[in-house]
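Positions are given from 1, in the same order as the sequence printed here. Indexing begins at 1, ligand by ligand and atom by atom, following the structure's order.
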Amino acid sequence: MALKALDIYKLLPKKNCKECGDPTCLTFAMKLAGGKADIDLCPYLDEQAKLVLGATTRPPIRLVKIGVGERSFAVGDEFVLYRHEKTFYHPPGILFKVSDTQTPEEIAAATIRVRDESFVRVGADLRFNGIAIENVSGSVDAYAQAVTIVERVADLPLVLMSKKVEALSAALVQCGTYRPLIHAATTENFKKMGALAKQHGCPLVVNAPDLDQLAKLARTCSDEGIQDLVLDFSPHFLGDFITTSTLIRHLSITRTAPDLGYPVLLDATRLDLQDAAIAVGIVKYASVILTAPLSPASSRAALTLRQNIYTDPQKPIQMNPGLYRIGSPGKDAPVLMTVNFSLTFFTLEGYLEATRIPSFMLIVDTEGLSVLTAVAAGKLNETLVRDSLRKFSVENEVSHKKLIIPGYAAPLSGRIEEATGWTVMVGPRDAAEIGEYLHEEWKK
Ligand code: SF4
């Protein structure tokens, strides 16, 4: 059972020394109660207090960081089974997998794609996260060479995959300081793999075929002092993955099986229907997903799905209200009013740019609601439009007083005219028709 902040506070040393990063022991206790801090941050806790607090205050799924620098990413630290209960916090890292039997050109090409490719969607830059390098050849030298090629091309988070400790050891000599994820400790080799992870301060994958063995292995590694673990249960079928991954999430967030409280890795290359496996991994709790380099269409599908699943369902992605320019609008440019729901903004912006008619977009604050919802909820109303026109000094920007409103806001047109003194023109309901509308209605 989770402890309350006050109960936790009673167990703290109360030095108020700030070494945990919090100004007082009480604020640290409050963070612990919310699962937002780790007891290890306080160096003065005695073993007994650590034992009591550790079991109840650690985040149910450990936060694990992979890589260093700008492209590093963190996974885990999740609290719910269903996104609508709160939100999912840390999107899975999706990494392209290469092998040391591929040519140097192929390895470099995959790395360059991860380094350079991105696409912008609703204002966010969407990218893949890193490279997984597998030691398929069994050769230590070939593996070290493949890792060198990746390293020369880009500083990206890596997953180092080999059954041979010597191969991983050779690779870690080159890239150990960059916190690659080591794959994988098994019941046979965990001592050596664990020693490597400790030596280089790297996160470690534990791999076992069933949950009992996985939990035991994770516990053993944790007892050995390796805390940053990732679980891999090597599913044979997609159905296996969904069932087991869901069970792990359930057991960990309810703290029924704390030894399973780590992020999960899915190697989609080992399953049929790779695109489907990636989609299932994103939705059903994979935190690290390995895939062969994807086609442009599959890349966009995967990155879009990940973005959608990992946005907060209680907070629509919003734009800052304001007056935005499309091109270099002059005094006679049209002014189009719409809401600050990002998807609405970026959709309309894209279609406006395509018209090549310089224009202004007046974005009003509907707290991220779409036009239809904002009209129904009364958030989009004549007062908001009037105040926004004033606040952003639209009158100073144009020589006319004509305002184009979205088609779905048509019922407000009369009231907006009365409140603002501007002539209201009702635009199309579908942003895709804005080009035709402007050419026919604005330029006539
Ligand atoms: Fe209190 Fe420990 Fe934080 Fe110091 S490090 S303020 S003793 S909780």
Side-chain angles (χ1 to χ4, degrees), residues 1-70 72-81 85-91 157 176-182 194-195 197-204 206 215 218-231 248-249 251-263 287 312 314-315:
M1 201 176 66
L3 286 176
K4 296 217 170 86
L6 223 51
D7 300 322
I8 296 169
Y9 179 67
K10 287 179 192 157
L11 294 165
L12 294 180
K14 300 184 203 55
K15 290 175 186 269
N16 292 322
C17 63
K18 303 184 186 173
E19 284 186 44
C20 54
D22 279 292
T24 65
C25 298
L26 185 59
T27 47
F28 186 60
M30 284 159 70
K31 272 198 191 165
L32 283 175
K36 291 287 172 202
D38 198 309
I39 51 162
D40 292 339
L41 291 171
C42 173
Y44 305 109
L45 277 171
D46 61 40
E47 286 310 310
Q48 182 57 28
K50 269 191 185 172
L51 215 62
V52 176
L53 292 174
T56 54
T57 62
R58 285 212 163 96
I61 301 176
R62 188 175 174 85
L63 184 76
V64 176
K65 290 182 187 156
I66 299 169
V68 293
E70 203 192 325
S72 65
F73 62 96
V75 289
D77 204 17
E78 302 291 349
F79 296 85
V80 292
L81 196 56
E85 290 175 286
K86 196 172 169 76
T87 184
F88 294 163
Y89 290 99
H90 294 95
T177 50
Y178 302 114
R179 270 185 80 78
L181 176 61
I182 300 173
K198 263 171 108 169
Q199 182 190 345
H200 294 278
C202 295
L204 177 67
V206 290
R219 161 59 72 96
T220 310
C221 289
S222 167
D223 288 347
E224 294 283 324
I226 308 138
Q227 308 293 343
D228 289 339
L229 300 174
V230 173
L231 309 178
I248 290 176
R249 172 62 70 95
L251 292 172
S252 52
I253 61 167
T254 54
R255 300 184 192 270
T256 312
D259 293 336
L260 292 172
Y262 298 98
S287 289
D312 187 340
Q314 293 164 42
K315 281 191 213 145

### Message
Measuring only between side-chain heavy atoms, which start at C-beta, is L12 closer than 4.5 Å to L53?
### Response
yes
### Query
So, C25 and atom 1 (Fe) of ligand 1: N/O/S under 2.8 Å, yes or no?
yes
### Query
Which ligand 1 atoms, with their elements, are less than 4.0 angstrom from a heavy-atom of K18?
4 (Fe), 6 (S)
### Message
What protein heavy atom lies closest to atom 8 (S) of ligand 1? Include the residue and the distance to one decimal.
### Response
F28 CD2, 3.4 Å
### Query
Just which atoms of ligand 1 are under 4.0 Å from any heavy atom in N16?
1 (Fe), 6 (S)
### Query
Looking at K15, which atoms of ligand 1 are within less than 4.0 Å of one of its heavy atoms?
7 (S)
### Query
Regarding K15 and the six-membered ring of Y44, is the cationic atom NZ or CZ under 6.0 Å from the ring centre and inside 45° of its axis?
yes
### Message
Tell me the protein heavy atom at minimum distance from atom 4 (Fe) of ligand 1, and give that distance in Å.
### Response
C17 SG, 2.3 Å
### Query
Can you tell me the protein heavy atom closest to atom 2 (Fe) of ligand 1 and the distance?
C42 SG, 2.4 Å
### Query
Closer than 2.8 Å to atom 3 (Fe) of ligand 1, do we get an N, O or S atom from C20, backbone or side chain?
yes
#### Entry: Distance-minimising heavy-atom pair for A197 and I182
CA-CD1, 3.8 Å
### Query
Just one of L26, T27, L32 clears the side-chain contact (heavy atoms from CB on, under 4.5 Å) bar with Y9, so which one?
L26
## Note on the structure
Of all heavy-atom pairs linking E85 and V80, the shortest is OE1-CB, 3.6 Å
### Query
Between the side chain of R62 and the main-chain N/O of L229, is any donor-acceptor distance below 3.5 Å?
no
